[in-house]
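Start at 1 and go down the list; that is how both ligands and their atoms are numbered. Quick caveat, the model's predicted, so the values are computed rather than measured.
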Amino acid sequence: MARQTDLIAPSILSANFARLGEEVDNVIMSGADIVHFDVMDNHYVPNLTIGPLVCEALRKHGVTADIDVHLMVKPVDRIIPDFAEAGASYISFHPEASEHIDRTLQMIREYDCKAGLVFNPATPLDVLEYVMDKVDLILLMSVNPGFGGQSFIPSTLNKLRQVRKMIDDSGYNIRLEVDGGVKVTNVQEIKEAGADMFVAGSAIFGAAEEHDKNHYNSIIGAFRGQLVMAKV
Ligand code: DX5
Ligand code: ZN
């Protein structure tokens, strides 16, 4: 099956939260494809971020791009309807945070969202074998979840190759996303290892003084340039 088009997904975790609507408008206008929305609960991960109210506020502000909700919360099921109603496009969760993975995946699709499973750097892929028909997205963490600005863990490249093969063998249309430490300097090899959806937080939103359209245009253009050069 032909590889799907690349999607660049800025993680708003590194955006200026006081101007979030404008920040999202600017990265989308600068060529980003989808908004990566990191939800942390200070329980599953040691940090606390944003919930359905903020997702809904972005929709009301006029954001029409897909919103890719990455749940780092435990338990998972209670919050799914809230995110679906708030306008989420994708909802993904960590398998160890749900007692009933198959049920949670089905629930996400019942709410008309695309369903994703997220694997931490040391989490094995075994549950995937039984649910390939129920996932629209597989997200490999290339850092331990909880914070932006960490370094890419190189063993993710082999894991990406492994999952790429599983997806291709399955014949299903499943996105392969990578999250953590993705930069202009490593995105080409990440794509070559099999990813087709690239989260970047600190690399795109950068330092405080760089939060403007010109910066986003050039950095997203640089990402795109590297992706085009990848040999797949
Ligand atoms: C980490 C989050 C990531 C994070 C990526 O738990 O899931 O989305 O924001 O940030 P960078 O790109 O800075 O590593
Ligand atoms: Zn994330």
Would you say the side-chain atoms of D38 and H36 include a donor-acceptor pair closer than 3.5 Å? yes
With a 4.0 angstrom cut-off on heavy atoms, strictly below it, pick out the residues next to ligand 1 and order them by chain and number. S11, L13, H36, D38, M40, H70, M72, M141, P145, G146, F147, G148, G149, D179, G180, G181, V199, A200, G201, S202
Only counting residues at least two apart or in another chain, list the ones meeting ring-ring contact (aromatic ring centres under 6.0 Å, His included) with Y216. F205
Side-chain ion pair, E56 and R59, N-O less than 4.0 Å: no
Counting C-beta onward and ignoring hydrogens, is there a side-chain heavy-atom pair between P52 and I79 closer than 4.5 Å? yes
Contact check, side chains of H70 and V39, non-hydrogen atoms, under 4.5 Å: no
Side-chain polar contacts of residues 111-122 - donor-acceptor pairs under 3.5 angstrom, sequence neighbours left out - could you list them?
unit_1: N120; atom_1: OD1; unit_2: H94; atom_2: ND1; d: 3.3
unit_1: N120; atom_1: ND2; unit_2: Y44; atom_2: OH; d: 3.1
unit_1: N120; atom_1: ND2; unit_2: E96; atom_2: OE2; d: 3.1

So, leaving waters aside, the tally of protein N/O/S atoms less than 2.8 Å from the Zn ion (ligand 2) stands at 4
Ignoring hydrogens and geometry, is there a side-chain-to-backbone donor-acceptor pair from R175 to D196 under 3.5 Å? yes
Determine, for D77 against R103, whether the closest basic-nitrogen to carboxylate-oxygen distance falls under 4.0 angstrom. no
Could you check if a side-chain atom of Y90 sits within less than 4.5 angstrom of a side-chain atom of I67, using non-hydrogen atoms only? no
